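The structure appears right after this line, and notes come after that.
Just the heavy atoms: all of them, side chains too, but no hydrogens, waters or symmetry mates, feed the values below. Source: prediction; values computed, not measured.
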Amino acid sequence: MATKYIFVTGGVVSGLGKGITAAALGRLLIARGLTVRNQKFDPYINVDPALMSPTQHGEIFVTEDGAETDLDIGHYERFTDVDLTSESDITSGRVYLNVINRERSGGYDGGTVQVVPHIINEIKDHIYKLSEEGKVDVVISEIGGTVGDMEGQPFIEAIRQVSYEAGRQNCLFIHVTLLPYMKKPGEIKTKPSQHSVQKLLSFGIQPDILVCRTEFAFDESIREKLALFCNIRIDSVIPNVDCDSVYELPLIFEKEGFARVVCERLGLGHTEPFLDDWESLVERTKAKREPLNIALIGKYVELQDAYYSVIEALDHAGIALGVEPIIDWVSSEELEGVSAEEVDRRLACADAIIVPGGFGVRGMEGMINASRSARERSIPFFGIGLGMQMAVVDIARHVAGIDRAHSNEAGSDFQDIFYYANLTQAMKQNVECIPFCERPMRRGAYPMVLEEGSLLADIYGSLEASERHHHRWEFNPAYSGALAATGLRFSGMSPDGRLVEAVEWPDHPFFIGTIAHPEFKSRPTRAHPLFLAFLGKAIEHKRRDE
């Protein structure tokens with residue numbers, strides 16, 4: 001069977017959930033035994049989100065191969081349970097950079113390089129490459145932004161050409177629009193969707209399916225009106241009514257016949273889906289759950305999407321354990337320059353404390369103070385990335401007596417517990433210079449060896465594990481003796497024993513730090529073991545104090 005291509009576009013306004021729609025459809029197709037790969041095209045000029053502020057764009061989701069991608073790639077992985085690659089997140093910046101580099105190296109034999117055909121061909125190459133990476137039945141490509149955006153036009157033209165080259169019978173266009181509800185007349189309005197479809201038609205694309213985001217369910221008359229004026233079959237007008245949990249969406253879409261229409265239009269057969277695991281998941285999300293107060297100490301708490309995967313991983317574990325993590329968003333700067341007593345008071349209601357990743361000196365001292373509070377008061381603590389580094393600095397300062405301990409990232413006036421290592425010699429996988437950055441990073445999946453008898457080994461149920469990394473700074477081995485003397489266990493190491501992957505503090509219910517980011521591998525139907533163990537200890541801590 002030829003690979004089928006599904007293109008998801010959006011209209012009226014941004015933020016309608018094109019990514020969730022594409023992810024949910026991917027889940028439904030996989031449930032029918034098909035192999036699926038999701039992909040997103042972002043029209044912005046940044047080469048990737050690597051240098052974009054989390055407070056502006058949300059988290060950077062890191063794939064197994066080390067690609068720094070849009071957070072929608074996280075949606076794709078969580079819904080489909082497929083490990084994606086750098087080919088799943090393509091930006092205008094990356095497209096233009098590839099074309100310009102090829103032109104500079106003589107790849108166009110002196111020809112004039114233009115948007116048509118060269119930029120368009122580069123976009124199409126990325127679509128086709130995803131299907132060529134393996135035996136893929138369906139490629140689902142989401143086009144970021146809204147139809148009519150100036151920067152998105154090359155992508156719209158590219159998918160139009162793919163439908164011509166691959167054959168219209170092998171391509172499907174899904175358009176996601178908004179049906180606004182006007183309170184005064186008490187009506188759902190279809191005109192914005194009609195105009196959006198007209199705009200798409202002006203680019204030579206007739207949508208096959210209309211997915212309509214709406215606050216309220218609409219009746220058959222609305223469906224008929226949209227079908228008539230958008231030139232779409234009535235059964236291809238799919239409502240997307242707001243729901244409590246995004247994980248409910250695949251079941252809602254299945255009830256509306258979304259995947260059935262897709263399979264029929266693409267000739268994929270009518271296999272009944274296996275959704276037992278997903279139905280069980282949704283039942284557990286709707287069940288009454290015991291609240292659990294989790295203090296999240298972060299640098300970017302003003303935009304919660306900056307920690308999207310962490311929040312999802314906590315939720316996955318909460319669903320599995322029958323508890324509901326209630327996040328107390330604490331700015332790490334709020335904990336700076338205050339007494340230890342004030343920090344303890346601010347975190348007094350926490351059943352557990354988590355300090356996720358970040359970059360830069362801002363807020364570091366607050367993270368160190370949070371670590372000290374959790375360690376001394378036996379509150380379950382989980383440090384990730386920068387959170388792990390600051391936990392080690394806390395122990396170096398307050399237990400080992402290294403008063404000026406810090407990361408070299410904070411400046412040169414400290415003793416460098418963490419420093420910029422020569423990673424190229426230590427490990428070669430996924431280490432490369434990011435354009436316009438002086439320092440390479442350790443990105444993507446790396447293996448680690450766990451210490452026998454450690455809490456980490458017990459949690460993983462193995463002496464080996466692999467997690468995704470996203471950091472520049474490594475532990476300075478010059479301080480390993482002094483810190484080991486405090487009781488700190490370096491319970492996770494790189495296979496060659498040179499790089500510290502994880503630490504834990506003895507005689508504590510749960511005090512673990514990982515330089516890697518386990519949240520990227522958590523799945524709604526398969527919560528990550530570290531988050532499960534973390535919330536398990538949070539439950540014990542809460543009940544002990546009741």
With distance as the sole criterion, is a donor-acceptor pair present between the side chains of [X] and [Y] under 3.5 Å?
X	Y	value
Ser88	Gln39	no
Thr91	Asp42	no
Gln389	His471	no
Ser491	Ser454	no
Glu312	Tyr247	yes
Glu376	His508	no

Heavy atoms, side chains only, cut-off 4.5 Å: are [X] and [Y] in contact?
X	Y	value
His541	Ile379	yes
Leu530	Leu456	yes
Ile459	Leu450	no
Ile140	Leu25	yes
Asp48	Asp89	no
Glu452	Leu463	yes
Ile512	Leu455	yes

Does [X] have its ring centroid less than 6.0 Å away from the ring centroid of [Y]?
X	Y	result
His57	Tyr44	yes
Phe511	Phe382	no
Phe359	Trp473	no

Between [X] and [Y], is there a side-chain N and carboxylate O pair less than 4.0 Å apart?
X	Y	value
Glu519	Arg468	no
Glu333	Lys299	no
Glu290	Arg543	yes
Glu279	Arg284	no
Asp72	Lys18	no
Glu336	Arg362	no
Arg346	Asp344	no
Asp351	Lys537	no
Arg472	Glu409	no
Arg523	Glu77	yes
Glu365	Arg397	yes
Asp70	Lys40	yes

Heavy-atom count around [X] [atom1] within 6.0 Å, excluding the residue itself: above 12?
X	atom1	result
Asp244	CG	no
Gln56	CD	no
Glu464	CD	no
Asp507	CG	no

Problem - Distance under 6.0 Å and angle within 45° of ring axis: Arg78 vs Tyr76 - result: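 So Arg78 doesn't make the cation-pi contact.
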Exercise for the section: Could you check Lys286 against Glu248 for salt bridge (Lys or Arg N to Asp or Glu O under 4.0 Å), going step by step and ending with a plain yes or no? Expected result: CA-CA 10 Å; Lys286 291 183 174 183; Glu248 193 176 355; 2.9 Å; yes
Exercise for the section: Give the intermediate values and the outcome of ring pair (Phe, Tyr, Trp, His ring centres under 6.0 Å) for residues His470 and Phe520. Expected result: CA-CA 11 Å; His470 188 230; Phe520 294 140; 7.4 Å; no
Problem - Ring geometry between Phe534 and Phe510 (parallel below 30°, tilted from 30 to 60°, perpendicular above 60°) - result: tilted
Exercise for the section: Check the angle between the aromatic planes of Phe253 and Phe258 and answer parallel, tilted or perpendicular using the 30° and 60° thresholds. Expected result: perpendicular
Problem - From CA spacing to verdict: ring pair (Phe, Tyr, Trp, His ring centres under 6.0 Å), Tyr300, Trp329 - result: CA-CA 10 Å; Tyr300 317 116; Trp329 297 91; over 10 Å; no
Exercise for the section: May I have the step-by-step check of side chain to side chain donor-acceptor pair (under 3.5 Å) for Ser309 and Glu59, ending in yes or no? Expected result: CA-CA 8 Å; Ser309 289; Glu59 77 168 4; 2.6 Å; yes
Practice task
Begin with the C-alpha distance, continue with both residues' side-chain angles, and end with the deciding distance and a verdict on salt bridge (Lys or Arg N to Asp or Glu O under 4.0 Å) for Arg27 and Glu254.
Solution key: CA-CA 10 Å; Arg27 174 74 264 158; Glu254 182 62 26; over 6 Å; no
